[in-house]
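Here's the structure we're looking at; comments come further down.
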Protein chains: 2
Amino acid sequence: MTRAKRASERREDSLSRERIVDAAIELLDEAGEEGLTFRALAARLATGSGAIYWHITNKDELLAAASDVVVHRALAEVDDHASPRKAIHGIAMGVFEMVDAHPWVGAELDRHPQPIATLRILERIGRQVQALGAPRGAQFTAATVLGSHILSESRQNAANGRLYHPPPDRADFLETLAARWEELDPDEFPFTRSVADQLRHHDDHAEFLAGVDLILAGISVSSTGARDVPRKPKR
Amino acid sequence: MTRAKRASERREDSLSRERIVDAAIELLDEAGEEGLTFRALAARLATGSGAIYWHITNKDELLAAASDVVVHRALAEVDDHASPRKAIHGIAMGVFEMVDAHPWVGAELDRHPQPIATLRILERIGRQVQALGAPRGAQFTAATVLGSHILSESRQNAANGRLYHPPPDRADFLETLAARWEELDPDEFPFTRSVADQLRHHDDHAEFLAGVDLILAGISVSSTGARDVPRKPKR
DNA sequence: ACCTGAACACCGTTCAAGT
DNA sequence: ACCTGAACACCGTTCAAGT
């Protein structure tokens, strides 16, 4: 056993699922989703493209594994021990910054339904929803809504960041966006036009957390409303 | 002018952006995202693949145009004239069913940030948020949160529906999902495991609208809180 | 102006052949 | 058991040549 282990580690440059996934993450971070090809990956690992298939089923599995690693690492750094509201803010910001640093994760997380990485996020949010005292039947809804807000907003932010190369000045970007919205047809887009100007003073982080708090407010209303109902009805 | 118009309509099988987009929608509905290739599209339109490029810039633009048409049609059938809450439910269900019928739209809508189709949805929701009396500064947040919930949940539902071929019995699918969640590591996934059993009696539509109402509750709290603040402060 | 279809520069994946 | 790299069956996109 010790011998077997030593044997597999003897050449630390030998191929392994872990090394492949790490190299894939590097490639994704450097060159984006289109930068991850089996040929480029094989070149980086100094092997043939076919070798990768001995360790990994296909590209989908590779992307899922890469996402899982990145999400896992990001969540490991989030501190849960504050109040539920603060902990949820912490999780939200952790995910936000993780997707900002690895934009491809955002796309991957909802390409497929419920990959393990998404469950990890749901789990961490759900624990805080429980701590918040939400009734049992409402916890799933609450966690899901929080999760989809966090992921959507994170993805949106990351996508905006990578839209142009090189990334323009933040204020310029918002100005361009606001101007575009203001050019929309007044008959078709009255609401969108009416909020366009707010984009000019848009604070991503503040807006993001305001959304989280809006949902938290909804949760606390639902909780108080339903808390009177005993789990096992008396009659 | 009449002559020019007649000339362009003389052969109703001549290529046009509109015909290309319609054919693309057909192909996407029949064969999914991977079914849309320029070769297949050209075959269906009885032309060469290069001809399409005279009318459309590239595949991204084609997907965006196809999504816009489908979203536009779906929203046109939604009735806005009920109470704001009912109208928002109507928009939500309209989007939900549209994505269920055209699963590829769900993926497309958040592949790129703010394509026109997403703005259409935001617009319709935003009008109702205004009607709800949300304060000016909170409208954007409220509409965004509602929009991301609606799109996430719709996409999730559609993705689940297409996961297996042929689609299994609904109850079987939920049972499988619940069982998988219950097999997760108890130390890593206590919350997820604790709600797994609820999946067995999961009602998609009810859960979806419960999420919408949760957010609406949050909006009304924020609104009452802020409504006292006059738009133009007196001092 | 608009269409044709071969050609280009790629992909993911497979597989006989090696060690 | 694990790796190699050529080969297969595709893609999106371009472009000279046609009408």
Side-chain angles (χ1 to χ4, degrees), chain A residues 1 3-28 30-67 104 107-108 111-112, chain B residues 1 3-28 30-67 104 107-108 111-112:
Chain A
M1 193 170 162
R3 186 164 310 178
K5 195 181 173 194
R6 209 185 291 141
S8 78
E9 287 175 0
R10 193 173 29 199
R11 305 199 61 216
E12 73 270 348
D13 60 337
S14 80
L15 225 45
S16 70
R17 193 186 149 90
E18 201 190 334
R19 279 194 66 228
I20 292 171
V21 171
D22 280 341
I25 292 172
E26 283 177 31
L27 219 39
L28 285 162
E30 289 167 19
E33 260 186 277
E34 68 208 32
L36 178 64
T37 70
F38 278 78
R39 283 166 180 81
L41 195 53
R44 175 163 303 218
L45 292 164
T47 182
S49 60
I52 297 167
Y53 282 89
W54 204 93
H55 299 272
I56 255 132
T57 308
N58 55 31
K59 193 172 181 176
D60 271 7
E61 197 205 303
L62 181 56
L63 275 166
S67 301
W104 50 273
E108 173 59 19
R111 178 156 18 258
H112 307 291
Chain B
M1 193 170 162
R3 186 164 311 180
K5 195 182 173 193
R6 209 185 291 140
S8 77
E9 286 174 2
R10 193 172 31 196
R11 306 199 60 217
E12 73 270 347
D13 60 335
S14 79
L15 224 46
S16 70
R17 193 186 149 89
E18 201 190 335
R19 279 194 67 231
I20 292 172
V21 171
D22 280 340
I25 291 172
E26 283 177 31
L27 219 41
L28 285 161
E30 289 167 21
E33 260 187 278
E34 68 207 33
L36 178 64
T37 69
F38 278 78
R39 283 165 180 82
L41 196 53
R44 176 164 301 218
L45 293 164
T47 183
S49 60
I52 297 166
Y53 282 90
W54 204 91
H55 300 273
I56 255 129
T57 308
N58 55 30
K59 193 171 182 177
D60 271 6
E61 196 204 305
L62 181 57
L63 275 166
S67 300
W104 50 274
E108 172 59 19
R111 183 159 7 261
H112 307 291

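Note on naming: letters A, B, ... go to the chains in the order of the sequence lines (proteins, then strands), and numbering restarts at 1 for each one. All values reported here derive from a predicted model rather than from experimental measurement.
- Sequence order on DNA chain D of the closest nucleotides to B/Lys59 and A/Ala51 puts A/Ala51 first from the 5' end.
- Listed nucleotides: D/dA6, C/dC3, D/dG12. Nearest to the side chain of A/Ser49: D/dA6.
- Taking atom CZ of A/Phe38 as the reference point, atom P of D/dC3 lies 15 Å away to the nearest angstrom.
- Side chain of A/Arg39, nearest nucleotide from D/dC11, D/dT14, C/dT13: C/dT13.
- Contacts of A/Leu36 with the nucleic acid, taken as non-hydrogen atoms under 4.0 Å apart, involve only primed sugar atoms and P, OP1 or OP2.
- Between B/Arg17 and B/Glu61, at least one side-chain N (NZ, or NE/NH1/NH2) sits under 4.0 Å from a carboxylate O, which counts as a salt bridge.
- As judged by a 4.0 angstrom heavy-atom cut-off over every strand, A/Leu62 is placed among residues making no nucleic acid contact.
- Counting heavy atoms of neighbouring residues, nucleotides and ligands inside a 6.0 Å radius, atom CD of A/Glu33 exceeds 12 of them.
- When each of C/dC3, C/dG12, C/dC8 is scored by its nearest atom to the side-chain atoms of B/Trp54, the top-ranked nucleotide is C/dC3.
- Across C/dC2, C/dC3, D/dC11, the shortest atom-to-atom separation from the side chain of B/His55 is found for C/dC3.
- With a cut-off of 3.5 Å on both pairing distances, the Watson-Crick or G-U wobble partner of D/dC2 is C/dG18.
- In this structure, C/dG12 forms a base pair with D/dC8, meeting either the Watson-Crick or the G-U wobble geometry with both donor-acceptor distances under 3.5 Å.
- Nearest to the side chain of A/Leu15, among C/dC11, D/dC3, D/dC11, sits D/dC3.
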